[in-house]
Amino acid sequence: MTSEKKPALGRVMVIGGCGFLGHHVVRLVLRDYTTTSVSVIDLRCGNNRRPDSDGVRYHEADITDAARLDDIFAEERPDVIIHTASPAAQANDSVSHALFKKVNVDGTQAIIDAARKAGVKALVYTSSASVASDNKSDLINADERWPVIRGANQSEYYSETKAWAEELVLKANRAPEGPNLLTCAIRPSGIIGEGDRMAIYHMINIYRQGRTGVQVGNNDNLFDFTYVENVAHGHLLAAVALLATAKSSTVPLDTERVDGEAFFITNDSPVYFWDFTRAVWAAAGSPLGTDHVRKLPRSVGMVLGFLSEVFFGIIGKPPTFNRQRIVYSCMTRYYDITKAKKRLGYKPLVSLDEGVRRSVRWTLEQEEKAKAKGQ
Amino acid sequence: MGFASQAFYFLRHPNEFRDIIQWKVWHDPVHKRDPSKETPTEKSCFHYLNLTSRSFSSVIQELNPELLMPVCLFYLVLRGLDTIEDDMTLDLKLKEEHLRHFDEYMEQDGWTFDKNGPNEKDRELLVHFDDIIAELKKVKRPYYEIIKDITTKMGNGMADYAVNAEHNANGVDTIADYELYCHYVAGLVGEGLTRLFVESKLANPQLLVRMDLTESMGQFLQKTNIIRDVHEDFLDKRRFWPKEIWSKYVDEWDDMFKLENREKAMQCSSEMVLNALKHADECLFYMAGIRDQSVFNFVAIPQSMAIATLELVYRNPAIFDSHIKITKGDACRLMMESTQNLRTVCDVFRTYARRIHKKSDPRDPHFLAISAQCGKIEQFIETIFPTQDPKRIAEGLPAEGGITAIETFLLVSAALVTLFFIGGIMVGVAYLAGARFDKVIEDASGAISSIAGAVPTHGHEEL
């Protein structure tokens, strides 16, 4: 990247730029692109902030606050918006459902409205690869022709709201209400990396609790995990493509088009689910191989998951182990990202192997820091 | 293995025994050469083919008649070169001269070569090389040009290696050297074969545009052999594993074979396997371009053997103190599965990819990379033969292309209706033809009562 001429992005705004994915987008913008200005909107701008010398302007705002958005947009006049803001998908109760709807759907609509008013050229939205999953069936080498699972078939409300917002964003492309706004959606699968407090954290916890000795299913199920820098890279390639389209006087061919399109983004290297967890455990220092592992058939796992749900239901706590976990660990879910490779010129910058090492190292450092604070 | 020990082995492995029997009984070659119509020099060529090749002679002899002689002669010419290159008793100057000019000698009527040492196993081939030359003269011009071109390239490549003292003293250095070596000993052969296949219209001409696929075919086979033969080569004081790889694990090559370094050696072999596995998906891609069954069998058998061998050597400490091979039963099963179609070969690759990743040890530094490489093979197979159809999923039909409950119901109903319909017609026809159903029913009830232990009271009298 450094030896070539860096592509230009003009005035860039990253929404959710202090979050897990968002702050990596900001980092890559500064590293790999030339810009006129870089700004961030986030609910809180304390974490993951660039040093002042980088010149990033931070705005604290709730994205559902339309008036506040208009003010910031009027001040920043962005050419490109990368919209990564989304609440963590951990909980599944009515309070978090309301939050998913408010931030993902209402917030995204507010951003589209503000973008139209401010004459933004390109909007790249962070969707999720989970929009194509019904959370029980396999997805085998799925590409963008696979249907988005909505409504009654979509058991995860988080995914429902991501799909809903994706639909809003893609419909806003060249819409009569704002014909100059070009949009696209990026659907990353299983993001890991520095700043992630979910997937890798959870797996390292399992290792700390000494629970690496069980494997549910036969471990033939491939799964896509994606290192965060590659996801950020995919977003920025999309932004460059949208800006190029905006400059051109003709609408691109259907087979080349980026505006109005969704793209799966992965590390382009699906791995067997339990291999991934074992790679994380090994990177976290596990001295064990696979001799201690007992294989549990999926059906037995489902029964145990059900019993756990009943037990925790009786004592009135959320279960630490449930049937959905079993389903996920036995599910095949990987994607064909040919479309992103052809139309965006996407290729992962960091291998999965290296991504795992970096993510685990960061997580262990956080543990150390927390310990040091505790003492 | 003696007969008794072999019998005992198969008693414990009945599946392998079955595979061998099935291959011997059911394998039906697409083409068979007809020795009764062959000239004496043709016969002589096949004699030397059988003498010099264990693995290739039968698949070559089952090739499409159009390519039978060209490929057989191509093999023998390269084997001739090899016999000169291999012979350590030959004077280096003489060797280099003969390697570089072999392409000219093979055009001279009656040329033979008898300076090989008495122990050189294929020396007879060169002593009678005039027979091969006589047949080469009859080969169609385009095929001949391809054979000669590859002979020129390979002879010069071998000569370069022969005079390269550094290489001979220290073995292969970088990964690039390693792949160049594999190119000379296997990639070039592949190039010649692909050109023969396309020239004879038995393969997709696109293969000539994507020569990298051909290269992968050769690299995959050669690298697998080099990994498997590491101990044998060590005993022969030869080394083909590149220093760039093994120096990460041990300081001296000899240390690789010491018992105390076994885990380091295993990790090194994992890196070698990983390096070989990266060619697997392109090999499948190549095979998709073959249009003739006999040619498909010819290219697919060695590839299936190679992925099975990779699985065998992967994380197997035995490669460092013995010479291991896939079992005869496995070989027969693989030949059976490789002589059908691309899908069955893909199934072989997928099965072995899964077995490879399951042998992995998370403490191995290449653990996740191997998993990803196996995943890549599976993903590539999905692009040729997709399991899921997005249109069916969109319509709410089962993703796997399986049968729904309603479909099952309809199938069973259809079968039952057909059964009753045909049965009804048969009974009707029989009745019209004068069948006495009342008798049948009586008989049946008589039989039932006798089975039940009751004494028949009237049945026999009435008959």
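Convention: sequence-line order gives letters A, B, ...; per-chain numbering from 1.
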[atom1] of [X]: more than 12 outside heavy atoms within 6.0 angstrom?
X         : atom1 : value
Phe285(B) : CZ    : no
Lys248(B) : NZ    : yes
Trp281(A) : CH2   : yes
Lys278(B) : NZ    : yes

Test side chain to side chain contact (heavy atoms under 4.5 Å, CB included) on Gln388(B) and Asn141(A); report intermediate values, then the result. CA-CA 8 Å; Gln388(B) 297 189 327; Asn141(A) 208 29; over 6 Å; no

Among the listed options Lys376(B), Glu382(B), Gln379(B), the residue most often paired with chain A at heavy-atom distances under 4.5 Å: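 Top option by heavy-atom pairs under 4.5 Å: Gln379(B).
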
Would you compute the distance between atom [atom1] of [X] and atom [atom2] of [Y] and round it to the nearest 0.5 angstrom?
X         : Y         : atom1 : atom2 : result
Asp220(A) : Arg355(B) : CG    : CZ    : 12.0 Å
Glu378(B) : Ile140(A) : CD    : CD1   : 9.5 Å
Leu368(B) : Asp353(A) : CG    : CG    : 5.0 Å
Asp389(B) : Arg145(A) : CG    : CZ    : 7.5 Å

Which residue out of Asp336(A), Leu288(A), Asp134(A), Asn218(A) racks up the most heavy-atom pairs below 4.5 Å with chain B?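 Heavy-atom pairs under 4.5 Å are most numerous for Leu288(A).
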
Of the non-hydrogen atoms in [X] and [Y], which two are nearest, and what is the gap between them?
X         : Y         : result
Asp361(B) : Gly289(A) : OD1-CA, 3.8 Å
Pro362(B) : Ala282(A) : O-CB, 3.4 Å
Arg363(B) : Pro287(A) : NH1-O, 3.0 Å
Pro147(A) : Pro390(B) : CD-O, 3.9 Å

Heavy-atom distances under 4.5 Å only: say whether [X] touches chain B with side chain, backbone, both or neither.
X         : answer
Leu222(A) : side chain
Val148(A) : neither
Tyr335(A) : backbone

Side chains of His357(B) and Val271(A) in contact at under 4.5 Å (non-hydrogen atoms):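 No - every pair of side-chain heavy atoms lies 4.5 Å or more apart.
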
Any side-chain heavy atom of Asp275(A) sitting closer than 4.5 Å to one from Ser360(B)?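 No, their side chains stay 4.5 Å or more apart.
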
Show the numbers, then the answer: is there a side chain to side chain contact (heavy atoms under 4.5 Å, CB included) between Lys358(B) and Tyr272(A)? CA-CA 10 Å; Lys358(B) 282 182 187 161; Tyr272(A) 301 92; over 6 Å; no

